[in-house]
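To start, the structure under review is shown below, and the notes come after it.
Excluded from the calculations below are hydrogen atoms, water molecules and symmetry mates; all remaining heavy atoms, backbone and side chain alike, are included. Residues take their numbers from the sequence shown, with the count starting at 1. If you're wondering where the values come from, they're calculated on a predicted model, not measured in any experiment.
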Amino acid sequence: MTTPRPLVRPARVLAAALAAGTLFATAACSGSDSSAPPESDASSTVAERGLAAQTTSPASESPSDLSEEGARNALITPADIEDDWTQVRDPREWRDTLLVGSVDVAAFVDGQSDAQDCQRLVDALFDETLLGKPTGASAVTGFQQGDSRLLYQVAAYDKAELDDSMQWLSELPDACDQFTLTGGDAGERTVQVIETSLPQVGDNRQGLTVTMKGESNGDPVTLSLDVAAVQIGADAITVTNGGLDGADHDTTSAAVKQGTQRLQEVLAGRTPSPTPSGIN
């Protein structure tokens, strides 16, 4: 007598049946909502979104949050630099004419250099492009005291371009330690660029003193200017300060220190308080 075989299905048959059931269930669900993606696709989409979130630029590379109002609030005031500085109405006019006594300083610095880096510096001494063209909010103010002028700017930049500009400034004492400026009505002028120290503020900073010697209307002229820049992320402040009586380094340091503090307060969402007179 033949013994009957037990009714046990092979594992592969059971697996096939389960797979078929899953397939039918999936087809039924997808038939009820044709717009919903399959579960595997949805999981893939979520994973891709998560990956995209992980690969976004770090905060330090984010665009500046500086607004036009914030840039204006971050500007220094006469109280920040003390002495007898008087705020001027429109310092942008200095790029065309800057008459100090009988010397047109704007014309005196207008000339040509054989070195491109040095030419860029000369072109920007009384301009708003020392660190390149701002890509966001920007505000400018200016002050005068005797034969000295101070141009101050707060602006937002492309972060990579700002990094490059700060690097360019740091190289000028070597690249443009001494060069000749020609053209214009002032004849040949000898220009020297040296590095100067600034208060330890901001993320990055660079200080220079630019001295230009030549003649104006037949008389010898020496123009000395402090040039300073402080970077905070994608924002920066710039200072050009000096004149025919030399550059007051204490004023430059005060403008840098007070100005950086004001910009940091603005970026933190606060409105800087008025600077009291008699600051140290």
Side-chain angles (χ1 to χ4, degrees), residues 71-88 91 94 98 100 105 109 121 124-128 130-131 138-155 157 162 165-173 176-177 191-212 222-233 235-268 272-280:
R72 291 192 297 270
N73 288 337
L75 292 173
I76 59 172
T77 69
D80 290 305
I81 49 179
E82 291 192 307
D83 294 333
D84 296 320
W85 291 95
T86 301
Q87 195 163 6
V88 301
W94 289 349
L98 179 54
V100 178
V105 175
V109 301
L121 172 64
L125 284 178
F126 283 103
D127 202 344
E128 302 101 69
L130 181 67
L131 296 177
S138 176
V140 180
T141 189
F143 307 86
Q144 62 184 24
Q145 176 181 253
D147 287 343
S148 295
R149 303 291 184 269
L150 190 152
L151 181 68
Y152 187 94
Q153 182 184 26
V154 178
Y157 301 87
L162 179 58
S165 294
M166 294 298 295
Q167 180 64 30
W168 163 74
L169 277 180
S170 71
E171 295 170 354
L172 289 180
C176 302
D177 59 338
V191 185
Q192 291 182 316
V193 179
I194 63 172
E195 186 172 15
T196 56
S197 61
L198 294 177
Q200 297 293 308
V201 293
D203 300 333
N204 192 10
R205 70 210 64 83
Q206 183 61 51
L208 307 170
T209 295
V210 181
T211 303
M212 187 178 301
T222 299
L223 175 68
S224 297
L225 298 170
D226 275 352
V227 177
V230 177
Q231 177 182 6
I232 303 175
D235 306 310
I237 64 173
T238 55
V239 181
T240 303
N241 166 43
L244 304 179
D245 291 336
D248 186 341
H249 305 306
D250 289 341
T251 295
T252 303
S253 294
V256 164
K257 184 176 180 179
Q258 299 299 321
T260 301
Q261 179 177 333
R262 293 180 69 88
L263 178 56
Q264 287 173 329
E265 290 186 13
V266 166
L267 294 176
S273 301
T275 304
S277 58
I279 61 172
N280 294 322

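Between Asp248 and Asp83, some side-chain heavy-atom pair lies under the 4.5 Å cut-off. Looking at Val193 and Asp177, their side chains never come closer than 4.5 Å, going by heavy atoms from C-beta outward. Leu244 has its side chain within reach of Leu223: a pair of non-hydrogen atoms, C-beta onward, lies under 4.5 Å apart.
Considering CD of Glu195 and OG of Ser170, their distance stands at 8.0 Å, rounded to 0.5 Å. Rounded to the nearest 0.5 angstrom, Thr260 OG1 and Ile76 CD1 are separated by 10.0 Å. Atom OG1 of Thr251 sits about 7.5 Å away from atom CG of Leu150, to the nearest 0.5 Å. For the atom pair CD of Gln153 and OG1 of Thr240, the computed distance is 9.0 Å after rounding to the nearest 0.5 Å. For the atom pair CD1 (Ile237) and CG (Leu131), the distance works out to 10.0 Å, reported to the nearest 0.5 Å. How far CG of Leu130 is from CG of Leu125: 8.0 Å, rounded to the nearest 0.5 Å.
A donor-acceptor pair is defined here as one N or O able to donate and one able to accept, closer than 3.5 Å; no such pair exists between the side chain of Glu265 and the backbone of Leu267. In this structure a side-chain-to-backbone donor-acceptor pair under 3.5 Å is present from Gln145 to Asp84. A donor-acceptor pair is defined here as one N or O able to donate and one able to accept, closer than 3.5 Å; no such pair exists between the side chain of Arg149 and the backbone of Gly243. Judged purely by atom type and a 3.5 angstrom limit, Arg262 uses its side chain to pair as donor or acceptor with the backbone of Leu75. With Asp226 contributing its side chain and Asn241 its backbone, the two residues share no donor-acceptor pair below 3.5 Å. Judged by distance alone, with hydrogens and angles left aside, the side-chain atoms of Thr211 form no donor-acceptor pair with the main-chain N or O of Gln192 at under 3.5 Å.
Minimum heavy-atom separation, Val256 to Ala228: CG2-CB, 3.9 Å. Between Gly142 and Pro91, the closest heavy-atom pair is N-CG, 3.6 Å. Residues Gly246 and Ser224 come closest through the heavy atom pair CA-CB, 3.8 Å. Among all heavy-atom pairs drawn from Ala229 and Leu169, the shortest one is CB-CD1, 3.7 Å. Looking at every heavy atom in both residues, Pro199 comes nearest to Ser253 through CG-O, 3.7 Å.
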Problem set entry | Leu162/Gln231 under side chain to side chain contact (heavy atoms under 4.5 Å, CB included): CA gap, chis, key distance, verdict | CA-CA 8 Å; Leu162 179 58; Gln231 177 182 6; 3.6 Å; yes
Exercise. Can you list the steps and then say if Phe143 with Ser148 is a side chain to side chain contact (heavy atoms under 4.5 Å, CB included)?
Worked result: CA-CA 8 Å; Phe143 307 86; Ser148 295; over 6 Å; no
For this session: Given side chain to side chain contact (heavy atoms under 4.5 Å, CB included), test Val230 with Thr238 step by step and report yes or no.
Result: CA-CA 7 Å; Val230 177; Thr238 55; over 6 Å; no
For this session: In sequence, state the C-alpha distance, the side-chain angles, and the governing distance for Tyr152 and Ile81, and then conclude on side chain to side chain contact (heavy atoms under 4.5 Å, CB included).
Result: CA-CA 11 Å; Tyr152 187 94; Ile81 49 179; over 6 Å; no
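A donor-acceptor contact closer than 3.5 angstrom links the side chains of Thr77 and Asp80.
Screening Leu225, Leu198, Ile194, Leu172 for a side-chain contact (heavy atoms from CB on, under 4.5 Å) with Leu208, the sole residue that qualifies is Leu172.
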